[in-house]
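Residue numbers start from 1 in every chain, and the chains themselves are labelled A, B, ... in the order their sequence lines are given, proteins ahead of strands. This one's a predicted model, so the numbers in the text were calculated from it and none came from an experiment.
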Amino acid sequence: MASSTPPPHYTLTTSKPYENHHFHHLQNHHQRNQRHNHPWTSQKVSLHRSSQTQPTQNAAKPPTPGPTTTTTTAPLSRNSNFPSLSSSKSELAADFSGRRSTRFVSKMHFGRPKTASTSRHTSTAEEALQQAVRCSGDDKCIDNILRSFESKLCGVDDYTFLLRELGNRREWSMAIRCFEFAIRREKRRNELGKLASSMISILGRLGKVDLAKKVFDDAVKEGYGNTVYAYSALISAYAKSGYCAEAIRVFETMKDSGLKPNLVTYNALIDACGKGGADFRRASGIFDEMLRNGVQPDRITYNSLLAVCSGAGLWDTARSLFSEMVYRGIDQDIYTYNTLLDVACNGGHIDVAFEIMVEMTTKNILPNEVTYSTMIRGCAKAGRLDRALSLFNEMKYVGIKLDRVSYNTLLGIYASLGMFEEALNVGKEMESIGIKKDVVTYNALLDGFGKQGMYDKVKELFLEMKSEHLLPNLLTYSILISVYSNGGLYWEATVVYREFKQQGLKADVVFYSKLIDALCKKGLVESSALLLDEMMKEGIQPNVVTYNSIINAFGQSETTECAADGESQIDHSPLMVLEDVAESKTEDTEQDRIVNIFEQLAADKSCHATIDTRGGQEILCVLGIFQKMHELNIKPNVVTFSAILNACSRCSSFEEASLLLEELRLFDNQVYGVARGLLMGDRANVWVQALSLFDDVKQMDSSTASAFYNALTDMLWHFGQKRGAQLVVLEGKRRHVWENTWSDSCLDLHLMSSGAARAMVHAWLLNIRSVVFEGHELPKLLSILTGWGKHSKIVGDGTLKRAIEALLSGMGAPFRVAKCNIGRFISTGAVVAAWLRESGTLKVLVLQDDRTHPPETMRIDHVSNFQTLPL
DNA sequence: ACTTAGAGCT
């Protein structure tokens with residue numbers, strides 16, 4: 001059976017110093033190659049419209065802080081030798097700054113077998129511990145126990161043992177009492193220092209970073225806290241709570257006070273970058289610094305760097321790091337592999353992930369429950385439920401016990417798919433083996449039921465979790481509020497929001513983004529703008545996800561918001577509303593503004609004005625959003641590009657679309673070049689760049705990639721570039737962007753946008769036609785699947801089906817809706833073959849570009865200006 | 001005495 005705690009693999013680093021020169025040579029070579037493969041990446045223009053003085057490829061990067069990372073002449077500088085790791089390739093990934101819910105959950109020291117050399121406590125300490133855990137909840141009790149054992153407890157080792165074990169049992173307040181008891185009885189500074197750094201570490205693991213800081217400050221004040229151990233522990237404590245900036249500040253303070261950071265300090269700091277969602281360059285800079293200071297990285301250093309890649313979605317960087325590790329002779333361990341798998345899965349490279357899993361097994365690093373739940377999540381994310389489930393079976397088969405996370409992962413998959421019976425059964429199974437449902441379990445259920453609009457079930461579950469004495473967390477409230485907003489149940493949303501505030505919880509960027517997205521999806525752009533403003537007032541920086549949601553809202557407003565107080569607002573363009581809000585007088589600071597927004601929505605719900613008063617002004621609102629993104633230096637990602645392309649598809653005029661495309665140009669010249677080239681019918685010249693762009697997109701996870709193809713095709717189709725649309729779709733098919741969509745008997749369109757699907761239908765029928773004309777027989781039954789619309793990223797219910805229905809009947813294609821499945825069009829092979837043989841059929845199948853929007857017109861309008869701008 | 005992996009946003 002695979003052990004969850006394999007024996008440590010000691011690093012060989014120190015005994016295998018590598019050759020710097022060789023190493024550098026390799027990296028430079030590597031870098032040059034990458035540049036060569038991506039000629040366009042060096043043409044990126046500045047993100048700042050005003051400053052065209054910085055046309056370098058780094059202009060789009062946020063400035064890297066600190067003197068250590070900017071000008072590096074040191075021989076080992078990662079900055080000058082590793083830019084290929086972070087900057088040349090995955091521009092499309094940008095910073096998702098993704099965070100994990102586990103970031104506050106500390107991994108305790110449970111089950112870590114203490115080796116004989118490390119267990120220096122006495123059996124008296126164990127006895128004291130037994131008594132202490134028995135009086136859980138009564139803090140004073142620990143004092144009595146300690147007093148009764150005092151004479152027999154043997155020095156600091158016994159006390160640190162007690163602290164650690166109390167920490168493992170989450171008894172932080174008992175641990176603090178124990179700590180205070182111990183320091184009162186200790187005089188030696190060194191021993192006091194041990195107690196303090198242990199205590200800081202324990203509080204850090206429990207997410208009690210403020211308490212950790214207090215212990216640290218007191219220890220410094222009393223003269224025993226100024227040690228590298230205490231500092232490292234504090235840095236780690238901030239890391240575990242996701243406070244990267246704080247961790248770095250502590251690090252600076254440490255250096256100022258004359259202490260020399262050691263390997264552990266640097267490792268903790270790099271870890272802070274990963275957990276705090278920092279740029280890879282930040283971590284990379286720290287790595288440089290440690291090398292410059294003669295501290296050799298070890299396995300944990302690399303594992304932590306890999307974790308940074310995981311957060312930033314840098315699959316290629318992760319691979320390079322892994323090779324670098326091998327090159328330096330640093331052994332990999334289960335952490336290395338699990339983290340690498342995480343990056344692979346996040347990037348949608350599920351097949352590579354399976355290969356890696358085999359590789360680790362051959363190296364005798366056996367997959368554990370973490371490996372499996374990582375892989376399972378990856379499969380589910382890639383839409384491969386079958387593989388996910390077979391991994392669960394495999395897990396049972398090889399004797400790895402499912403733990404809390406594994407169960408929650410499985411339950412979450414079912415819940416997210418609306419398979420509630422299965423989800424609830426998983427819940428029962430986990431409880432049957434003694435794992436109680438926790439907040440994560442309930443969050444998954446609430447989200448799943450909520451997404452299906454089962455509000456009664458949501459209410460019931462929320463009550464149930466409270467009756468189980470589970471404390472709802474930020475995510476719970478975020479889910480509930482978004483679910484209710486999505487359903488238009490603003491009154492319920494208000495109630496939940498009030499409760500959330502009452503609990504003293506503070507919203508974060510994910511909370512706001514989710515809510516903004518919910519409102520955007522309902523076409524409530526103005527309310528979203530209010531929320532955006534509110535979050536910034538709260539000091540929470542919106543990120544690219546936040547902005548993508550707002551861009552997505554462009555042109556999607558189905559209902560116009562009513563003016564709140566009947567008067568002036570009707571005349572306001574959304575842009576003006578944005579400005580108004582920014583300067584708004586805060587008369588009622590007492591009232592929560594989010595509550596205001598909800599109450600307004602709840603009151604307005606009944607009065608849907610059907611006339612869209614925005615007209616062409618909405619474009620100004622969206623342009624304003626882009627302006628803000630530039631100002632805040634928020635890097636767009638591939639989702640942003642898809643959103644812009646989709647917005648173009650919703651434009652009624654070419655001119656509007658040109659304004660949006662101009663924004664695309666300012667963001668990314670490569671994507672712009674391809675989109676514009678294809679739109680102009682300039683396929684011959686732009687196709688090489690298009691292929692290179694598609695290579696980059698393929699790095700993304702499958703749904704992100706297909707969304708991009710969908711968006712690009714839709715835009716081309718919308719503006720009559722149907723052959724270009726078809727070319728893109730076929731390229732997507734060739735690259736398996738939409739899974740297996742195509743056979744002689746069946747065309748599955750359910751993951752495609754309507755433009756992509758239509759272009760695909762033409763291509764498929766042409767293909768079938770050539771089968772017929774080659775003299776082969778068609779399958780008995782032919783079917784075209786459109787699904788129900790719920791999988792599609794941009795198409796609402798039934799839109800795809802209607803589009804295909806219209807297309808087929810327009811062509812006179814003899815397909816009919818299947819009786820048993822309204823998402824399927826069917827026909828018999830014989831009937832279709834007869835139709836394909838008709839003389840007029842070929843003409844309707846071959847796509848022609850629609851010249852209602854001749855490219856000439858466009859060249860006059862805007863495009864000529866684009867070309868004269870300096871790049 | 002201090003350090004590393006899996007469950008939340010488009």
**Message:** A:Glu538: which residues meet the salt bridge (Lys or Arg N to Asp or Glu O under 4.0 Å) condition with it, sequence neighbours left out?
**Reply:** A:Lys506

So does [X] reach the base of [N] with its side chain, donor to acceptor, closer than 3.5 Å?
{"X": "A:Ser373", "N": "B:dG6", "value": "yes"}
{"X": "A:Ser197", "N": "B:dA1", "value": "yes"}
{"X": "A:Asn368", "N": "B:dA5", "value": "yes"}
{"X": "A:Ser513", "N": "B:dC9", "value": "yes"}

With a 4.0 Å cut-off on heavy atoms, is [X] in touch with a base, just the backbone sugar-phosphate, or nothing at all?
{"X": "A:Val228", "result": "base"}
{"X": "A:Thr160", "result": "nothing"}
{"X": "A:Ser406", "result": "base"}
{"X": "A:Asn473", "result": "nothing"}
{"X": "A:Asn408", "result": "base"}
{"X": "A:Asp447", "result": "nothing"}

Establish, with yes or no, whether the OP1 or OP2 oxygen of [N] is under 4.0 angstrom from a side-chain nitrogen or oxygen of [X].
{"X": "A:Arg189", "N": "B:dA1", "value": "no"}
{"X": "A:Arg377", "N": "B:dG8", "value": "yes"}
{"X": "A:Lys194", "N": "B:dC2", "value": "no"}

**Listed nucleotide nearest any side-chain atom of A:Thr227, set B:dT4, B:dC2, B:dA1** = B:dA1

**Message:** Taking side chain to side chain donor-acceptor pair (under 3.5 Å) as the definition, give me every residue that meets it alongside A:Tyr547, ordered by chain and number, with sequence neighbours left out.
**Reply:** none

**Message:** I'd like to know if the side chain of A:Glu369 and the backbone of A:Lys401 have a donor-acceptor N/O pair within less than 3.5 Å.
**Reply:** no

**Request:** Please check if the side chain of A:Asp333 supplies one atom and the backbone of A:Tyr335 the other of a donor-acceptor pair under 3.5 Å.
**Result:** yes

